[in-house]
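Throughout, protein chains are lettered first and strands after them, A, B, ... in sequence-line order, and every chain is numbered starting at 1. We use all heavy atoms of the structure for the numbers below, so side chains are in, but hydrogens, waters and symmetry mates are not.
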Number of protein chains: 2
Amino acid sequence: MPRTTDKRDRLIKAAKILIRKQGFHLTTLADIAQEADVPLGNVYYYFKTKEAIGEAVIESRSRELHESMANWEEQSTPAERLFAFVQQEVDHSEDTARSGCPIGGLCQELAKQGGTLADAAAKLMNDMIEWSEKQLKAAGLGDSSREVANQFVALVQGMSLLTNTFKEPKLMVNFSQSIRGWLDKTVAKGKAATPIAEEIA
Amino acid sequence: MPRTTDKRDRLIKAAKILIRKQGFHLTTLADIAQEADVPLGNVYYYFKTKEAIGEAVIESRSRELHESMANWEEQSTPAERLFAFVQQEVDHSEDTARSGCPIGGLCQELAKQGGTLADAAAKLMNDMIEWSEKQLKAAGLGDSSREVANQFVALVQGMSLLTNTFKEPKLMVNFSQSIRGWLDKTVAKGKAATPIAEEIA
DNA sequence: GTCTATATACAGATAGAC
DNA sequence: GTCTATCTGTATATAGAC
């Protein structure tokens, strides 16, 4: 059973799209096979179970996330790195409005059944938080970096949920402008303030 | 077909518990019937379809939410009212760690399939945001109230997701302390600042 | 109003020809 | 390696006796 094939890749790609759009449980192997243009019976040559497809999808999301984080690292300041993360959310806000955050959606859905898939999804979320924490430490936030990182990621995730719930990409766009203010006023100056909207007074 | 019965109430109560814990799609009518101690075939006397149970669950959640909001209103300042909301999340943080936010979970899962159920769930989220907006307006935040309300609710929802993802109630407890600082420093003074962690400098 | 038995549909998974 | 046909389990939903 080859680890990498054209068909295998097509199946993973199809699964990523469909699972993001419909969720893991609502997506059938028949859906995935059809989207990938692979006969249903052939799916089992590449993946022993549906759960194995889930694992491959999470692996792929993990590679994407780490690539993105590497790109964001190229910004010259911690505040700009964190904003690059938010900017990516803005760039994909229409997908998010349609289908939600691919990582948040997996965590939400899979946390309910536990097991290794849930753990793998949780690791994605943890990686995002740790990366954010690293930036905040670099900005001089010290011991509060972990708590601020939790809140920063929570805020992005929550805004993805609202964007999806109301099918309104602008929610993410407007949010990015507020968080820009927060980054300039607090993170860029080595302070930490709970981030909702920049000060108006 | 009676609108209110002992058995009907038991079915809704069972559905609320199971749907929160397992999600809507993973929860079967057989699960609900068993938990409510009602024979499976009898379920259909009270609810025409599974979707009808979903509607009843959302209605019940809506009633609960509006009761809670009425209670929070009894606090004497807008900042304290908003904190009462967060305090309730802390009080239920162990349930959230186990099963996530009942409203956020519904929105996340149901947004993926659209339809009237998704709309009903979205209305719950909207009610939370509008209530928060009202408090922020009362605090004197003016035109930025809506955006700050979006971020406030997003932050609570995102923190619920992290709490559930990592099965760690303390995440919500620690967050509540930070948001307390944000409420005192900004909302209580009629300012608005994106809320991640109180200032440390 | 209540409950057993069952129809119907479709999911994940397998067997085995090619 | 590939694909058709099919097994098996289980979900929603219904029929109909009581």
Colleague: Rounded to the Å, how far apart are Leu11(A) CG and dG1(D) C1'?
Modeller: 14 Å
Colleague: Do Asp6(B) and Arg10(B) meet the salt-bridge criterion of a basic N to acidic O distance under 4.0 Å?
Modeller: yes
Colleague: Taking atom P of dG1(D) as reference, at what distance in whole Å does atom NZ of Lys7(A) sit?
Modeller: 11 Å
Colleague: Identify, residue by residue, the members of residues 15-28 of chain B with a heavy atom below 4.0 Å from DNA chain D, and return them in order of residue number, or none.
Modeller: Thr27(B), Thr28(B)
Colleague: Does a side-chain N-to-carboxylate-O contact under 4.0 Å join Asp9(B) and Lys13(B)?
Modeller: no
Colleague: Take atom CZ of Phe47(A) and atom P of dA13(C), then tell me their distance rounded to the nearest Å.
Modeller: 13 Å
Colleague: Of all the nucleotides listed (dG12(C), dG1(D), dC3(D)), which has the minimum atom distance to the side chain of Leu29(A)?
Modeller: dG12(C)
Colleague: Have Asn71(A) and Ser68(A) got a donor and an acceptor in their side chains that come within less than 3.5 Å?
Modeller: no
Colleague: One thing to verify: whether Glu73(B) and Lys134(B) come together as a salt bridge, which I'm taking to mean a side-chain N less than 4.0 angstrom from a carboxylate O.
Modeller: yes
Colleague: State, yes or no, whether a side-chain contact exists between Glu89(B) and Met159(B) at a heavy-atom distance under 4.5 Å.
Modeller: no
Colleague: Is Tyr45(A) near enough to dT2(D) that one of its side-chain N or O atoms lies under 4.0 angstrom from OP1 or OP2?
Modeller: no
Colleague: Salt bridge check: are Arg63(A) and Glu67(A) linked by an N-O gap of less than 4.0 Å?
Modeller: no
Colleague: Just how far, in rounded Å, is C1' of dT2(D) from CG of Asp6(A)?
Modeller: 14 Å
Colleague: Would you mind reading off the distance between Ile32(B) atom CD1 and dA11(D) atom C1', rounded to a whole angstrom?
Modeller: 12 Å
Colleague: Can you tell me if the side-chain N/O atoms of Tyr44(A) get under 4.0 Å from OP1 or OP2 in dA13(C)?
Modeller: yes
Colleague: Tell me, which of residues 33-43 of chain B have any heavy atom that sits under 4.0 Å from an atom in DNA chain C?
Modeller: Pro39(B), Gly41(B), Asn42(B)
Colleague: Between Glu64(B) and Lys16(B), does at least one N-O distance fall below 4.0 Å, as a salt bridge requires?
Modeller: yes
Colleague: Does Asp95(B) have any side chain to side chain contact (heavy atoms under 4.5 Å, CB included) partners at least two apart in sequence or in another chain, and if so, which?
Modeller: Arg20(B), His92(B), Arg98(B)
